[in-house]
There are 2 protein chains.
Amino acid sequence: MTPNLDSQITERLALDGLRFTRGRREVVEALLASDGPMSANELSDVLGDGVPLSSIYRSLAILTDAHILTVHLATKGLARYELSEWLVGHHHHLVCTECGSVEDIHVSASHEERLREVVDAVASVASFIPSSHALEIDGRCAQCQ
Amino acid sequence: MTPNLDSQITERLALDGLRFTRGRREVVEALLASDGPMSANELSDVLGDGVPLSSIYRSLAILTDAHILTVHLATKGLARYELSEWLVGHHHHLVCTECGSVEDIHVSASHEERLREVVDAVASVASFIPSSHALEIDGRCAQCQ
DNA sequence: CCTATAATGATAATGGTTATCGTTATTGAA
DNA sequence: TTCAATAACGATAACCATTATCATTATAGG
Ligand SMILES: [Mn+2]
Ligand SMILES: [Mn+2]
Ligand SMILES: [Zn+2]
Ligand SMILES: [Zn+2]
């Protein structure tokens with residue numbers, strides 16, 4: 001983890017009187033190393049017995065409350081988490097309908113600009129004030145073809 | 001329910017040797033009357049005691065398996081269902097982060113064309129074969145401002 | 001009418017997630 | 001360096017949306 005990211009998270013937690021402890025750090029580092037959002041169980045597999053599942057769940061809840069993590073819902077009955085966009089940048093997701101994998105995808109500035117135009121136009125018609133958007137693409141990933 | 005829609009669903013179910021029974025019809029009609037996807041409990045509130053919750057759950061599973069309904073996941077731990085796009089047309093969703101409501105939103109053909117361009121460009125880079133896409137806009141709905 | 005199969009409804013079981021509670025660690029003040 | 005006050009932890013129980021079970025009922029074809 002870069003010193004800058006570390007201090008961003010440490011300072012954000014401190015705003016709520018919370019500490020960036022080893023368990024929380026391990027969760028963040030596993031997510032940072034992943035190419036897509038991870039569930040509590042997937043994190044548990046990676047982190048092993050050093051971090052009990054109950055602590056993983058609590059860390060995910062606390063880090064999400066502090067806006068350090070964002071929850072992603074693509075599989076029913078299962079929540080996956082990732083670093084929030086203010087920490088790792090705006091991106092979208094490719095969701096494989098075959099194997100269930102979720103892959104991060106970055107969109108070029110010009111394409112992102114087009115997306116934002118559509119979002120603004122659509123939202124204004126409905127008197128809706130958009131705070132964020134997500135383009136989710138379902139289909140078959142490279143492995144599942 | 002229009003006779004055309006009714007026969008489309010009836011014929012689709014018949015392909016799997018299934019019938020379009022009263023309980024399933026009531027679920028479909030409630031979803032048709034809604035301006036957004038509904039959960040099993042929300043359907044139960046609307047349908048009352050005439051359709052037991054266990055039957056609602058089973059109808060949702062069967063209709064989804066038959067591609068008549070599509071599941072929508074925006075609230076964690078809660079699945080909402082809507083008529084599939086081949087029956088009611090392609091559209092997107094406005095998700096209110098305040099009250100949790102999900103509202104259908106239709107996008108103009110020109111905007112939809114732009115979306116498709118972005119989807120195709122992004123997917124091809126990742127060797128991903130897109131089957132569908134969804135633009136989900138989070139923010140505050142008209143009621144929550 | 002009869003039989004095979006689909007559908008139903010009440011209920012039990014499942015599983016991801018959350019709450020509880022006693023223990024331990026950390027912080028900051030005395 | 002004590003000594004509270006509070007945060008964090010870990011094991012476990014509880015919760016709740018969803019799914020499976022199973023006995024009963026309805027329906028379609030022969
Ligand atoms: Mn992501
Ligand atoms: Mn919809
Ligand atoms: Zn795949
Ligand atoms: Zn709202």
Side-chain angles (χ1 to χ4, degrees), chain A residues 9-31 37-66 68-82 100 102, chain B residues 9-31 37-66 68-82 100 102:
Chain A
I9 295 175
T10 301
E11 287 164 20
R12 182 59 191 79
L13 283 172
L15 290 179
D16 295 345
L18 301 171
R19 303 194 284 267
F20 197 20
T21 57
R22 180 184 66 84
R24 294 169 188 176
R25 203 173 296 264
E26 291 203 37
V27 166
V28 166
E29 284 176 350
L31 293 177
M38 295 177 75
S39 69
N41 262 312
E42 290 164 349
L43 284 164
S44 187
D45 287 344
V46 168
L47 299 182
D49 293 337
V51 187
L53 189 56
S54 65
S55 292
I56 291 177
Y57 271 111
R58 191 172 20 216
S59 292
L60 291 173
I62 284 171
L63 292 168
T64 303
D65 281 350
I68 291 162
L69 300 185
T70 301
V71 64
H72 184 256
L73 308 164
T75 308
K76 72 175 299 190
L78 196 74
R80 282 189 240 253
Y81 298 81
E82 61 183 355
V102 180
Chain B
I9 296 175
T10 301
E11 287 164 20
R12 181 60 191 78
L13 283 171
L15 290 179
D16 296 345
L18 301 171
R19 304 195 284 266
F20 197 20
T21 57
R22 181 185 65 87
R24 294 169 188 177
R25 204 174 297 263
E26 290 205 37
V27 166
V28 166
E29 283 176 350
L31 293 177
M38 297 177 74
S39 69
N41 262 311
E42 289 164 350
L43 284 164
S44 186
D45 288 344
V46 168
L47 299 183
D49 294 336
V51 187
L53 189 55
S54 65
S55 292
I56 291 176
Y57 272 112
R58 192 173 17 216
S59 292
L60 291 173
I62 285 171
L63 292 168
T64 303
D65 281 351
I68 291 161
L69 301 185
T70 301
V71 63
H72 185 255
L73 307 164
T75 308
K76 75 175 296 192
L78 195 73
R80 281 188 241 254
Y81 298 82
E82 62 183 355
V102 180

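Letters A, B, ... mirror the listed sequences (proteins, then strands); counts begin at 1.
- Of the inter-residue distances, the one linking B:Asp45 atom CG with B:Ser39 atom OG reads 8.0 Å to the nearest 0.5 angstrom.
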Before giving the answer on side-chain contact (heavy atoms from CB on, under 4.5 Å), spell out for A:Arg24 and A:Leu18 the whole-Å C-alpha distance, their side-chain angles and the decisive distance to 0.1 Å.
CA-CA 11 Å; A:Arg24 294 169 188 176; A:Leu18 301 171; 4.0 Å; yes

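- In terms of polar N and O atoms assigned as donor or acceptor, the side chain of A:Thr21 never comes within less than 3.5 Å of the base of D:dA8 in a complementary pairing.
- Put simply, A:Lys76 has a side-chain N or O that comes within less than 4.0 Å of OP1 or OP2 on D:dT19.
- Regarding contacts with the backbone of D:dT19, every side-chain N or O of B:Tyr57 stays at 4.0 angstrom or more from both OP1 and OP2.
- For B:Asn41 and D:dT19, the CG to P distance is 13 Å, given to the nearest whole Å.
- Rounded to an integer number of Å, the gap from CG of B:Leu69 to P of D:dT18 is 14 Å.
- Taking atom CZ of residue B:Phe20 and atom P of nucleotide C:dT8, one finds them 11 Å apart after rounding to whole Å.
- Comparing C:dG9, D:dT18, D:dA11 by their nearest atom to the side chain of B:Ala40 picks out D:dT18.
- The backbone N or O of B:Ala40 lies less than 3.5 Å from no partner atom in the side chain of B:Ser44, so there is not a single donor-acceptor pair.
- Rounded to whole Å, the distance from CZ on B:Arg24 to P on C:dA6 is 10 Å.
- Residue-level contact check: A:Ala61 touches neither bases nor backbone, having no heavy atom under 4.0 Å from any strand.
- Atom CZ of A:Arg22 is separated from atom C1' of D:dG10 by 12 Å (rounded to the nearest Å).
- Dashed line: the shortest gap from a side-chain N or O of A:Ser39 to OP1 or OP2 of C:dG16 is not under 4.0 Å.
- The separation between B:Ile56 atom CD1 and D:dA20 atom C1' is 18 Å, rounded to whole Å.
- If you check every strand for non-hydrogen atoms under 4.0 Å, A:Leu53 touches nothing.
- Environment of CG in A:Asp16: crowded, with over 12 heavy atoms of neighbouring residues, nucleotides or ligands closer than 6.0 Å.
- If you check C:dG16, D:dG10, C:dG9 against the side chain of A:Leu78, the one that comes closest is C:dG16.
- Side-chain atoms of B:Ser55 lie closest to C:dG9 of the nucleotides C:dT17, C:dG9, D:dA26.
- For the pair A:Arg19 CZ and D:dT6 P, the interatomic distance rounds to 13 Å; values are reported in whole Å.
- Side chain of A:Leu18, nearest nucleotide from C:dT20, D:dA8, C:dG16: D:dA8.
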Using side-chain contact (heavy atoms from CB on, under 4.5 Å), reason through B:Val51 and B:Arg22 one step at a time and then give a plain yes or no.
CA-CA 9 Å; B:Val51 187; B:Arg22 181 185 65 87; 4.3 Å; yes

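- Note: OH (B:Tyr81) to P (D:dT19) measures 6 Å, nearest angstrom.
- Two residues, A:Ser54 and A:Gly17, neighbour DNA chain D, and the one matched to the more 5' nucleotide by heavy-atom proximity is A:Gly17.
- Closest-nucleotide positions on DNA chain C for B:Gly50 and B:Asp16 were compared, and the one nearer the 5' end corresponds to B:Asp16.
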